[in-house]
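Working notes for the structure below.
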Protein chains: 2
Amino acid sequence: MRHTPLADGDEQGGDTGSSIYERLRDEIISGRVKANERLKVSELASRMGTSTNPIREALQQLRGEGFVLMTQNRGARVRPIDEDFVRDICEIEVLIEPALTRWFVGIATTGDIDDLERVQAEIEALNYADEEKHSDLDLQFHRLMYDRHYNRHAVDLWIRHRQILGAIGRGFPTSLSRQTSVIEEHRQLIACVKAQDAEGASRVIAQHVEGSGRSIIERLRLRKRRG
Amino acid sequence: MRHTPLADGDEQGGDTGSSIYERLRDEIISGRVKANERLKVSELASRMGTSTNPIREALQQLRGEGFVLMTQNRGARVRPIDEDFVRDICEIEVLIEPALTRWFVGIATTGDIDDLERVQAEIEALNYADEEKHSDLDLQFHRLMYDRHYNRHAVDLWIRHRQILGAIGRGFPTSLSRQTSVIEEHRQLIACVKAQDAEGASRVIAQHVEGSGRSIIERLRLRKRRG
DNA sequence: AACTTTCAGATCGTACATTATTTGTCAACA
DNA sequence: TGTTGACAAATAATGTACGATCTGAAAGTT
(Lines give C-alpha, C1' and ligand atoms only; values in the text may rest on other atoms or scores of the structure.)
Protein backbone atom coordinates (compact mmCIF):
# COMPACT_ATOMS: atom_id res chain seq x y z
CA MET A 1 0.00 0.00 0.00
CA ARG A 2 1.60 3.16 -1.14
CA HIS A 3 -0.85 5.78 -0.16
CA THR A 4 0.78 8.36 2.18
CA PRO A 5 -0.21 11.54 0.42
CA LEU A 6 1.73 14.00 2.49
CA ALA A 7 2.31 12.14 5.66
CA ASP A 8 5.97 12.34 6.35
CA GLY A 9 6.85 9.79 8.92
CA ASP A 10 7.04 10.82 12.51
CA GLU A 11 9.55 13.41 13.33
CA GLN A 12 11.73 13.77 16.36
CA GLY A 13 11.27 17.50 16.10
CA GLY A 14 12.73 18.25 19.48
CA ASP A 15 10.07 20.00 21.50
CA THR A 16 7.01 17.99 20.58
CA GLY A 17 6.40 14.83 18.68
CA SER A 18 5.01 16.52 15.58
CA SER A 19 6.98 18.27 12.89
CA ILE A 20 7.25 21.98 12.34
CA TYR A 21 5.06 21.57 9.29
CA GLU A 22 2.29 19.89 11.21
CA ARG A 23 2.39 22.40 14.00
CA LEU A 24 2.18 25.31 11.62
CA ARG A 25 -0.59 23.74 9.59
CA ASP A 26 -2.58 23.01 12.70
CA GLU A 27 -2.22 26.58 13.91
CA ILE A 28 -3.59 27.82 10.62
CA ILE A 29 -6.45 25.36 10.29
CA SER A 30 -7.54 25.56 13.88
CA GLY A 31 -7.63 29.32 13.66
CA ARG A 32 -5.01 30.05 16.32
CA VAL A 33 -3.34 32.39 13.84
CA LYS A 34 -5.74 34.82 12.30
CA ALA A 35 -6.63 35.06 8.61
CA ASN A 36 -4.22 37.07 6.47
CA GLU A 37 -1.87 37.37 9.41
CA ARG A 38 1.76 37.71 8.51
CA LEU A 39 4.04 34.78 9.26
CA LYS A 40 7.54 36.01 10.06
CA VAL A 41 10.17 33.34 9.82
CA SER A 42 12.42 34.64 12.59
CA GLU A 43 9.51 35.00 14.97
CA LEU A 44 8.28 31.49 14.23
CA ALA A 45 11.81 30.15 14.52
CA SER A 46 12.25 31.47 18.03
CA ARG A 47 8.76 30.40 19.00
CA MET A 48 9.34 26.85 17.77
CA GLY A 49 12.87 26.66 19.05
CA THR A 50 14.67 26.09 15.76
CA SER A 51 16.61 28.08 13.23
CA THR A 52 14.95 29.72 10.29
CA ASN A 53 15.56 27.10 7.63
CA PRO A 54 13.09 24.48 8.85
CA ILE A 55 10.48 27.21 9.12
CA ARG A 56 11.12 28.41 5.62
CA GLU A 57 10.81 24.92 4.22
CA ALA A 58 7.61 24.20 6.13
CA LEU A 59 6.16 27.44 4.82
CA GLN A 60 7.02 26.47 1.28
CA GLN A 61 5.29 23.14 1.71
CA LEU A 62 2.23 24.87 3.11
CA ARG A 63 2.37 27.25 0.21
CA GLY A 64 2.28 24.31 -2.17
CA GLU A 65 -0.77 22.99 -0.38
CA GLY A 66 -2.42 26.38 -0.50
CA PHE A 67 -2.49 27.21 3.20
CA VAL A 68 -0.19 30.21 3.00
CA LEU A 69 0.20 32.84 0.34
CA MET A 70 3.64 34.20 -0.43
CA THR A 71 4.94 37.11 -2.46
CA GLN A 72 8.51 37.83 -3.44
CA ASN A 73 10.54 39.57 -0.75
CA ARG A 74 7.37 40.13 1.19
CA GLY A 75 6.98 36.92 3.12
CA ALA A 76 4.09 34.64 3.89
CA ARG A 77 0.53 35.27 4.97
CA VAL A 78 -2.14 32.95 6.30
CA ARG A 79 -4.79 32.01 3.78
CA PRO A 80 -8.16 32.62 5.40
CA ILE A 81 -9.87 29.42 6.52
CA ASP A 82 -13.41 30.72 6.59
CA GLU A 83 -16.92 29.61 5.73
CA ASP A 84 -16.28 30.08 2.04
CA PHE A 85 -13.25 27.85 2.26
CA VAL A 86 -15.25 25.08 3.91
CA ARG A 87 -18.07 25.48 1.42
CA ASP A 88 -15.62 25.26 -1.49
CA ILE A 89 -14.03 22.09 -0.18
CA CYS A 90 -17.37 20.46 0.57
CA GLU A 91 -18.70 21.27 -2.86
CA ILE A 92 -15.73 19.52 -4.40
CA GLU A 93 -16.24 16.53 -2.13
CA VAL A 94 -19.90 16.39 -3.06
CA LEU A 95 -18.66 15.74 -6.57
CA ILE A 96 -15.82 13.34 -5.77
CA GLU A 97 -17.11 11.14 -2.96
CA PRO A 98 -20.23 9.94 -4.78
CA ALA A 99 -18.01 8.83 -7.65
CA LEU A 100 -15.71 6.95 -5.27
CA THR A 101 -18.71 5.40 -3.57
CA ARG A 102 -20.28 4.28 -6.81
CA TRP A 103 -17.13 2.39 -7.68
CA PHE A 104 -17.02 0.79 -4.25
CA VAL A 105 -20.51 -0.58 -4.66
CA GLY A 106 -19.27 -2.33 -7.76
CA ILE A 107 -16.36 -4.09 -6.07
CA ALA A 108 -17.65 -4.63 -2.55
CA THR A 109 -17.57 -8.19 -1.24
CA THR A 110 -19.59 -9.61 1.63
CA GLY A 111 -16.42 -9.31 3.68
CA ASP A 112 -16.29 -5.60 2.96
CA ILE A 113 -19.89 -5.22 4.07
CA ASP A 114 -19.12 -7.11 7.27
CA ASP A 115 -16.24 -4.72 7.94
CA LEU A 116 -18.49 -1.73 7.38
CA GLU A 117 -21.11 -3.12 9.72
CA ARG A 118 -18.53 -3.85 12.38
CA VAL A 119 -17.19 -0.31 12.33
CA GLN A 120 -20.68 1.08 12.23
CA ALA A 121 -21.58 -1.00 15.28
CA GLU A 122 -18.61 0.46 17.11
CA ILE A 123 -19.68 3.95 16.14
CA GLU A 124 -23.18 3.37 17.45
CA ALA A 125 -21.88 1.75 20.61
CA LEU A 126 -19.59 4.68 21.30
CA ASN A 127 -22.39 7.14 20.50
CA TYR A 128 -20.11 10.20 20.44
CA ALA A 129 -18.89 9.66 23.99
CA ASP A 130 -15.32 10.39 22.85
CA GLU A 131 -14.94 12.94 20.09
CA GLU A 132 -11.51 11.86 18.93
CA LYS A 133 -12.39 8.21 18.95
CA HIS A 134 -15.55 8.83 16.98
CA SER A 135 -13.61 10.81 14.41
CA ASP A 136 -11.17 7.94 14.07
CA LEU A 137 -13.95 5.39 13.60
CA ASP A 138 -15.71 7.56 11.06
CA LEU A 139 -12.45 7.85 9.14
CA GLN A 140 -12.14 4.06 9.22
CA PHE A 141 -15.66 3.69 7.90
CA HIS A 142 -15.11 5.84 4.86
CA ARG A 143 -11.60 4.55 4.33
CA LEU A 144 -13.01 1.05 3.96
CA MET A 145 -14.86 2.30 0.94
CA TYR A 146 -12.35 4.61 -0.65
CA ASP A 147 -8.95 3.20 0.18
CA ARG A 148 -8.72 0.64 -2.56
CA HIS A 149 -9.90 2.94 -5.29
CA TYR A 150 -7.59 3.05 -8.28
CA ASN A 151 -7.67 6.83 -8.50
CA ARG A 152 -5.05 7.63 -5.88
CA HIS A 153 -5.14 11.30 -6.73
CA ALA A 154 -8.82 11.53 -5.89
CA VAL A 155 -8.37 9.58 -2.69
CA ASP A 156 -5.44 11.73 -1.62
CA LEU A 157 -7.53 14.81 -2.27
CA TRP A 158 -10.29 13.36 -0.12
CA ILE A 159 -7.90 12.57 2.71
CA ARG A 160 -6.46 16.07 2.65
CA HIS A 161 -9.86 17.71 2.60
CA ARG A 162 -11.00 15.50 5.42
CA GLN A 163 -8.02 16.39 7.57
CA ILE A 164 -8.73 20.06 7.04
CA LEU A 165 -12.41 19.77 7.89
CA GLY A 166 -11.63 17.60 10.87
CA ALA A 167 -9.16 20.10 12.26
CA ILE A 168 -11.59 22.99 11.85
CA GLY A 169 -14.32 21.46 13.93
CA ARG A 170 -12.07 20.02 16.60
CA GLY A 171 -12.92 21.01 20.13
CA PHE A 172 -16.50 21.95 19.38
CA PRO A 173 -19.17 19.32 19.98
CA THR A 174 -21.35 17.92 17.20
CA SER A 175 -25.00 18.81 17.45
CA LEU A 176 -27.40 16.03 18.43
CA SER A 177 -29.36 16.29 15.20
CA ARG A 178 -26.16 15.89 13.22
CA GLN A 179 -25.22 12.86 15.33
CA THR A 180 -28.43 11.07 14.48
CA SER A 181 -28.14 12.05 10.82
CA VAL A 182 -24.66 10.56 10.55
CA ILE A 183 -25.72 7.25 12.01
CA GLU A 184 -28.84 7.12 9.88
CA GLU A 185 -26.94 7.92 6.70
CA HIS A 186 -24.31 5.31 7.42
CA ARG A 187 -27.06 2.72 7.81
CA GLN A 188 -28.67 3.75 4.56
CA LEU A 189 -25.32 3.54 2.88
CA ILE A 190 -24.72 -0.01 4.04
CA ALA A 191 -28.21 -0.95 2.90
CA CYS A 192 -27.52 0.44 -0.56
CA VAL A 193 -24.24 -1.44 -0.82
CA LYS A 194 -25.98 -4.64 0.17
CA ALA A 195 -28.68 -4.05 -2.43
CA GLN A 196 -26.03 -3.18 -5.03
CA ASP A 197 -27.74 0.16 -5.50
CA ALA A 198 -24.91 2.37 -6.70
CA GLU A 199 -27.14 5.33 -7.49
CA GLY A 200 -28.74 5.24 -4.07
CA ALA A 201 -25.39 5.00 -2.31
CA SER A 202 -24.13 7.92 -4.36
CA ARG A 203 -27.13 10.03 -3.36
CA VAL A 204 -26.74 9.16 0.31
CA ILE A 205 -23.07 10.11 0.29
CA ALA A 206 -23.78 13.42 -1.41
CA GLN A 207 -26.28 14.21 1.30
CA HIS A 208 -23.84 13.01 3.95
CA VAL A 209 -21.10 15.34 2.75
CA GLU A 210 -23.46 18.26 2.47
CA GLY A 211 -24.71 17.74 5.98
CA SER A 212 -21.17 17.47 7.24
CA GLY A 213 -20.34 20.77 5.60
CA ARG A 214 -23.28 22.53 7.18
CA SER A 215 -22.36 21.11 10.56
CA ILE A 216 -18.78 22.31 10.30
CA ILE A 217 -19.82 25.77 9.24
CA GLU A 218 -22.05 25.92 12.29
CA ARG A 219 -19.11 25.05 14.51
CA LEU A 220 -16.99 27.61 12.69
CA ARG A 221 -19.51 30.29 13.62
CA LEU A 222 -19.43 29.14 17.20
CA ARG A 223 -15.67 29.40 17.19
CA LYS A 224 -15.79 32.90 15.83
CA ARG A 225 -17.95 34.04 18.67
CA ARG A 226 -15.96 32.47 21.46
CA GLY A 227 -12.55 33.15 19.92
CA MET B 1 29.49 38.32 -1.13
CA ARG B 2 27.91 39.26 -4.39
CA HIS B 3 25.41 36.82 -5.68
CA THR B 4 26.11 35.61 -9.17
CA PRO B 5 23.18 36.55 -11.38
CA LEU B 6 23.20 33.41 -13.49
CA ALA B 7 25.45 35.26 -15.92
CA ASP B 8 26.57 32.17 -17.74
CA GLY B 9 23.15 30.57 -17.70
CA ASP B 10 21.17 30.50 -20.87
CA GLU B 11 17.97 31.11 -18.96
CA GLN B 12 15.94 34.21 -19.44
CA GLY B 13 15.16 36.78 -16.78
CA GLY B 14 15.13 34.58 -13.75
CA ASP B 15 13.42 36.93 -11.33
CA THR B 16 9.81 35.94 -11.56
CA GLY B 17 9.61 34.52 -15.06
CA SER B 18 11.37 31.21 -14.56
CA SER B 19 12.09 30.55 -10.92
CA ILE B 20 13.90 27.54 -9.62
CA TYR B 21 10.52 26.14 -8.70
CA GLU B 22 9.15 26.49 -12.19
CA ARG B 23 12.21 25.01 -13.80
CA LEU B 24 12.13 22.02 -11.53
CA ARG B 25 8.41 21.50 -11.99
CA ASP B 26 8.74 21.70 -15.72
CA GLU B 27 11.53 19.15 -15.73
CA ILE B 28 9.32 16.75 -13.82
CA ILE B 29 6.14 17.28 -15.79
CA SER B 30 7.78 17.27 -19.17
CA GLY B 31 9.52 14.03 -18.32
CA ARG B 32 13.10 15.26 -18.59
CA VAL B 33 13.77 13.70 -15.22
CA LYS B 34 12.62 10.12 -15.01
CA ALA B 35 9.93 8.77 -12.73
CA ASN B 36 11.08 7.91 -9.21
CA GLU B 37 14.47 9.41 -9.95
CA ARG B 38 16.26 10.79 -6.96
CA LEU B 39 16.59 14.56 -6.70
CA LYS B 40 19.82 15.47 -4.90
CA VAL B 41 19.89 18.99 -3.63
CA SER B 42 23.60 19.60 -4.09
CA GLU B 43 23.52 18.27 -7.62
CA LEU B 44 20.52 20.42 -8.53
CA ALA B 45 22.15 23.40 -6.86
CA SER B 46 25.26 23.17 -9.00
CA ARG B 47 23.23 22.47 -12.10
CA MET B 48 21.00 25.50 -11.56
CA GLY B 49 23.83 27.70 -10.42
CA THR B 50 22.58 28.49 -6.92
CA SER B 51 23.17 27.36 -3.40
CA THR B 52 21.19 24.58 -1.82
CA ASN B 53 18.61 26.63 0.06
CA PRO B 54 16.53 27.75 -2.93
CA ILE B 55 16.53 24.18 -4.16
CA ARG B 56 15.36 22.83 -0.84
CA GLU B 57 12.54 25.33 -0.67
CA ALA B 58 11.44 24.65 -4.22
CA LEU B 59 11.40 20.94 -3.47
CA GLN B 60 9.24 21.52 -0.42
CA GLN B 61 6.76 23.49 -2.47
CA LEU B 62 6.68 20.77 -5.09
CA ARG B 63 6.18 18.29 -2.33
CA GLY B 64 3.18 20.22 -1.12
CA GLU B 65 1.77 20.13 -4.62
CA GLY B 66 2.43 16.42 -4.90
CA PHE B 67 5.09 16.41 -7.60
CA VAL B 68 7.87 15.02 -5.45
CA LEU B 69 7.79 12.48 -2.66
CA MET B 70 10.07 12.92 0.33
CA THR B 71 11.06 10.73 3.21
CA GLN B 72 12.92 11.76 6.27
CA ASN B 73 16.69 11.89 5.87
CA ARG B 74 16.37 10.21 2.53
CA GLY B 75 15.67 13.09 0.20
CA ALA B 76 13.24 13.66 -2.61
CA ARG B 77 12.09 11.55 -5.51
CA VAL B 78 10.14 12.37 -8.62
CA ARG B 79 6.53 11.35 -8.49
CA PRO B 80 5.80 9.36 -11.65
CA ILE B 81 3.82 11.37 -14.17
CA ASP B 82 2.41 8.46 -16.12
CA GLU B 83 -0.80 7.41 -17.80
CA ASP B 84 -2.43 6.61 -14.49
CA PHE B 85 -1.62 10.07 -13.26
CA VAL B 86 -3.23 11.68 -16.29
CA ARG B 87 -6.23 9.41 -16.03
CA ASP B 88 -6.67 10.29 -12.34
CA ILE B 89 -6.55 14.00 -12.99
CA CYS B 90 -8.92 13.80 -15.92
CA GLU B 91 -11.41 11.77 -13.96
CA ILE B 92 -11.46 14.46 -11.31
CA GLU B 93 -11.90 17.13 -13.94
CA VAL B 94 -14.74 15.20 -15.50
CA LEU B 95 -16.48 15.69 -12.18
CA ILE B 96 -15.52 19.29 -11.52
CA GLU B 97 -15.69 21.02 -14.87
CA PRO B 98 -19.30 20.10 -15.63
CA ALA B 99 -20.29 21.60 -12.30
CA LEU B 100 -18.41 24.81 -13.09
CA THR B 101 -19.96 24.90 -16.53
CA ARG B 102 -23.46 24.42 -15.20
CA TRP B 103 -23.00 27.45 -12.99
CA PHE B 104 -21.69 29.51 -15.89
CA VAL B 105 -24.78 28.76 -17.98
CA GLY B 106 -26.82 30.24 -15.16
CA ILE B 107 -24.93 33.55 -15.01
CA ALA B 108 -23.82 34.04 -18.61
CA THR B 109 -24.79 37.32 -20.27
CA THR B 110 -24.95 38.03 -23.97
CA GLY B 111 -21.64 39.82 -23.55
CA ASP B 112 -20.10 36.63 -22.19
CA ILE B 113 -21.38 34.70 -25.17
CA ASP B 114 -19.91 37.29 -27.50
CA ASP B 115 -16.55 36.90 -25.78
CA LEU B 116 -16.73 33.15 -26.15
CA GLU B 117 -17.56 33.43 -29.82
CA ARG B 118 -14.75 35.89 -30.42
CA VAL B 119 -12.17 33.61 -28.85
CA GLN B 120 -13.63 30.62 -30.66
CA ALA B 121 -13.36 32.52 -33.96
CA GLU B 122 -9.70 33.16 -33.23
CA ILE B 123 -9.16 29.51 -32.46
CA GLU B 124 -10.75 28.46 -35.71
CA ALA B 125 -8.85 31.08 -37.66
CA LEU B 126 -5.55 29.95 -36.20
CA ASN B 127 -6.47 26.31 -36.83
CA TYR B 128 -3.60 24.89 -34.77
CA ALA B 129 -0.95 26.65 -36.84
CA ASP B 130 0.87 27.65 -33.66
CA GLU B 131 0.72 25.16 -30.82
CA GLU B 132 1.52 27.59 -28.02
CA LYS B 133 -0.87 30.22 -29.30
CA HIS B 134 -3.66 27.69 -29.60
CA SER B 135 -3.08 26.52 -26.07
CA ASP B 136 -3.28 30.10 -24.87
CA LEU B 137 -6.53 30.72 -26.73
CA ASP B 138 -8.05 27.53 -25.44
CA LEU B 139 -7.13 28.56 -21.92
CA GLN B 140 -8.82 31.92 -22.53
CA PHE B 141 -11.95 30.16 -23.77
CA HIS B 142 -12.40 28.05 -20.68
CA ARG B 143 -11.26 30.80 -18.37
CA LEU B 144 -14.12 32.93 -19.64
CA MET B 145 -16.47 30.34 -18.22
CA TYR B 146 -14.77 29.39 -14.99
CA ASP B 147 -12.93 32.46 -13.84
CA ARG B 148 -15.79 34.18 -12.11
CA HIS B 149 -17.00 31.13 -10.28
CA TYR B 150 -17.40 31.62 -6.55
CA ASN B 151 -15.62 28.38 -5.70
CA ARG B 152 -12.04 29.56 -5.93
CA HIS B 153 -10.74 26.28 -4.62
CA ALA B 154 -12.29 24.37 -7.49
CA VAL B 155 -11.07 26.88 -10.04
CA ASP B 156 -7.53 26.77 -8.64
CA LEU B 157 -7.62 23.00 -8.83
CA TRP B 158 -8.72 23.23 -12.44
CA ILE B 159 -5.95 25.67 -13.31
CA ARG B 160 -3.32 23.48 -11.71
CA HIS B 161 -4.55 20.35 -13.42
CA ARG B 162 -4.67 22.17 -16.72
CA GLN B 163 -1.09 23.37 -16.38
CA ILE B 164 0.05 19.84 -15.70
CA LEU B 165 -1.80 18.36 -18.63
CA GLY B 166 -0.62 21.16 -20.87
CA ALA B 167 3.01 20.61 -19.97
CA ILE B 168 2.77 16.88 -20.55
CA GLY B 169 1.64 17.15 -24.12
CA ARG B 170 3.91 20.03 -25.04
CA GLY B 171 6.07 19.47 -28.08
CA PHE B 172 3.93 16.71 -29.51
CA PRO B 173 1.33 17.64 -32.11
CA THR B 174 -2.39 17.17 -31.57
CA SER B 175 -4.00 14.62 -33.85
CA LEU B 176 -6.24 15.88 -36.60
CA SER B 177 -9.27 14.06 -35.28
CA ARG B 178 -8.75 15.65 -31.90
CA GLN B 179 -8.45 19.07 -33.50
CA THR B 180 -11.83 18.76 -35.20
CA SER B 181 -13.40 17.37 -32.01
CA VAL B 182 -12.22 20.33 -29.97
CA ILE B 183 -13.65 22.85 -32.39
CA GLU B 184 -16.90 20.96 -32.70
CA GLU B 185 -17.31 20.63 -28.94
CA HIS B 186 -16.62 24.29 -28.38
CA ARG B 187 -19.34 25.12 -30.89
CA GLN B 188 -21.79 22.80 -29.19
CA LEU B 189 -20.92 24.36 -25.89
CA ILE B 190 -21.65 27.86 -27.09
CA ALA B 191 -24.93 26.63 -28.54
CA CYS B 192 -25.92 25.13 -25.19
CA VAL B 193 -25.07 28.33 -23.36
CA LYS B 194 -27.16 30.32 -25.79
CA ALA B 195 -30.07 27.93 -25.34
CA GLN B 196 -29.62 28.05 -21.55
CA ASP B 197 -29.24 24.28 -21.60
CA ALA B 198 -27.13 23.66 -18.52
CA GLU B 199 -27.46 19.90 -18.70
CA GLY B 200 -26.36 19.81 -22.32
CA ALA B 201 -23.38 22.06 -21.66
CA SER B 202 -22.41 19.88 -18.75
CA ARG B 203 -22.50 16.78 -20.94
CA VAL B 204 -20.47 18.42 -23.69
CA ILE B 205 -17.80 19.50 -21.24
CA ALA B 206 -17.58 16.04 -19.73
CA GLN B 207 -17.02 14.63 -23.19
CA HIS B 208 -14.53 17.40 -23.94
CA VAL B 209 -12.43 16.61 -20.88
CA GLU B 210 -12.54 12.91 -21.54
CA GLY B 211 -11.38 13.40 -25.10
CA SER B 212 -8.63 15.69 -23.93
CA GLY B 213 -7.45 13.02 -21.52
CA ARG B 214 -7.34 10.37 -24.19
CA SER B 215 -5.44 12.67 -26.51
CA ILE B 216 -2.84 13.46 -23.87
CA ILE B 217 -2.35 9.81 -23.02
CA GLU B 218 -1.75 9.16 -26.71
CA ARG B 219 0.95 11.79 -26.77
CA LEU B 220 2.40 10.40 -23.57
CA ARG B 221 2.82 7.05 -25.30
CA LEU B 222 4.48 8.73 -28.25
CA ARG B 223 6.88 10.45 -25.88
CA LYS B 224 7.75 7.20 -24.22
CA ARG B 225 8.75 5.62 -27.51
CA ARG B 226 10.83 8.48 -28.79
CA GLY B 227 12.37 9.37 -25.44
C1' DA C 1 2.76 69.45 0.82
C1' DA C 2 5.46 66.50 -2.08
C1' DC C 3 9.74 64.40 -2.75
C1' DT C 4 14.06 62.38 -1.15
C1' DT C 5 16.91 60.19 2.27
C1' DT C 6 17.66 57.20 5.98
C1' DC C 7 17.18 53.18 8.66
C1' DA C 8 15.23 49.36 11.10
C1' DG C 9 13.26 44.93 10.14
C1' DA C 10 12.44 41.09 7.27
C1' DT C 11 13.37 38.06 3.39
C1' DC C 12 16.67 35.61 0.51
C1' DG C 13 21.08 33.54 -0.73
C1' DT C 14 25.66 31.57 0.69
C1' DA C 15 28.66 28.99 3.60
C1' DC C 16 29.42 25.82 7.10
C1' DA C 17 28.49 22.20 10.90
C1' DT C 18 26.05 18.23 12.23
C1' DT C 19 23.72 13.99 11.68
C1' DA C 20 21.91 10.19 9.09
C1' DT C 21 22.32 7.07 5.34
C1' DT C 22 24.68 4.68 1.76
C1' DT C 23 28.73 2.52 0.05
C1' DG C 24 32.97 0.08 0.11
C1' DT C 25 36.24 -2.99 2.32
C1' DC C 26 37.76 -6.90 4.56
C1' DA C 27 37.83 -10.61 7.62
C1' DA C 28 35.22 -14.72 9.39
C1' DC C 29 32.73 -18.64 8.13
C1' DA C 30 30.17 -22.41 5.65
C1' DT D 1 34.92 -19.87 -3.44
C1' DG D 2 31.04 -17.41 -2.39
C1' DT D 3 28.29 -15.30 1.30
C1' DT D 4 27.63 -12.70 5.35
C1' DG D 5 28.40 -9.36 8.89
C1' DA D 6 30.89 -5.61 11.00
C1' DC D 7 33.14 -1.50 10.57
C1' DA D 8 35.02 2.66 8.25
C1' DA D 9 34.79 6.15 4.69
C1' DA D 10 32.06 8.75 1.54
C1' DT D 11 27.88 10.87 0.41
C1' DA D 12 23.81 13.37 1.19
C1' DA D 13 20.21 15.39 4.05
C1' DT D 14 19.17 18.45 7.93
C1' DG D 15 20.16 22.40 11.02
C1' DT D 16 22.72 26.83 12.26
C1' DA D 17 24.79 31.21 11.37
C1' DC D 18 25.56 35.26 8.79
C1' DG D 19 25.91 38.67 5.10
C1' DA D 20 23.37 40.85 1.21
C1' DT D 21 19.27 42.83 -0.53
C1' DC D 22 14.72 44.30 -0.44
C1' DT D 23 10.59 46.63 1.71
C1' DG D 24 8.01 50.01 4.32
C1' DA D 25 7.75 53.89 6.76
C1' DA D 26 9.43 57.63 9.43
C1' DA D 27 12.43 61.69 9.33
C1' DG D 28 14.37 65.39 6.81
C1' DT D 29 14.71 68.71 2.79
C1' DT D 30 13.15 71.89 -0.85
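Below, chains carry the letters A, B, ... as their sequence lines are ordered, and counting in each starts from 1.
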In whole Å, what is the span from the [atom1] atom of [X] to the [atom2] atom of [N]?
{"X": "B/Asn53", "N": "D/dT14", "atom1": "CG", "atom2": "C1'", "answer": "11 Å"}
{"X": "B/Met70", "N": "C/dT21", "atom1": "CE", "atom2": "C1'", "answer": "15 Å"}
{"X": "A/Leu59", "N": "C/dC12", "atom1": "CG", "atom2": "P", "answer": "10 Å"}
{"X": "B/Tyr21", "N": "C/dC12", "atom1": "OH", "atom2": "C1'", "answer": "19 Å"}
{"X": "B/Arg74", "N": "C/dT22", "atom1": "CZ", "atom2": "P", "answer": "5 Å"}
{"X": "B/Arg77", "N": "D/dA12", "atom1": "CZ", "atom2": "C1'", "answer": "13 Å"}
{"X": "A/Gln60", "N": "C/dT11", "atom1": "CD", "atom2": "C1'", "answer": "11 Å"}
{"X": "A/Gln72", "N": "D/dT21", "atom1": "CD", "atom2": "P", "answer": "15 Å"}

Indicate yes or no: does [X] engage [Y] in a salt bridge with an N to O separation below 4.0 Å.
{"X": "B/Glu218", "Y": "B/Arg221", "answer": "yes"}
{"X": "A/Asp136", "Y": "A/Lys133", "answer": "no"}
{"X": "B/Asp138", "Y": "B/Arg162", "answer": "yes"}
{"X": "A/Asp26", "Y": "A/Arg170", "answer": "yes"}

Q: Report yes or no: is there a donor-acceptor pair, N or O only, under 3.5 Å between the side chain of B/Arg56 and the base of D/dG15?
A: yes

Q. Of all residues at least two apart in sequence or in a different chain, which pass the salt bridge (charged side-chain N to carboxylate O under 4.0 Å, His left out) check with A/Arg219?
A. none

Q: Look at the rings of A/His186 and A/His142 and say which category their plane angle falls in: under 30° parallel, 30 to 60° tilted, over 60° perpendicular.
A: perpendicular

Q. Can you find a pair of side-chain heavy atoms, one from A/Gln60 and one from A/Arg63, that are under 4.5 Å apart?
A. yes

Q. Do A/Glu22 and A/Glu27 have side chains that get closer than 4.5 Å, going by heavy atoms?
A. no

Q. So what is the end-to-end bend of the helix from C/dA1-D/dT30 to C/dA30-D/dT1, with 5 pairs used at each end and the value given to 10 degrees?
A. 20°

Q. Out of C/dT22, C/dA20, D/dG15, which nucleotide sits closest to the side chain of B/Asn73?
A. C/dA20

Q: Would you mind telling me which of C/dT21, C/dT14, D/dG15 lies closest to the side-chain atoms of A/Ser51?
A: D/dG15

Q: Would you check if the distance from the ring center of B/His149 to the ring center of B/Phe104 is below 6.0 Å?
A: no

Could you list all N or O pairs between the protein and nucleotides 8-10 of chain C that sit under 3.5 Å apart?
residue, atom, partner, partner atom, Å
C/dA10, OP1, A/Lys40, NZ, 3.1

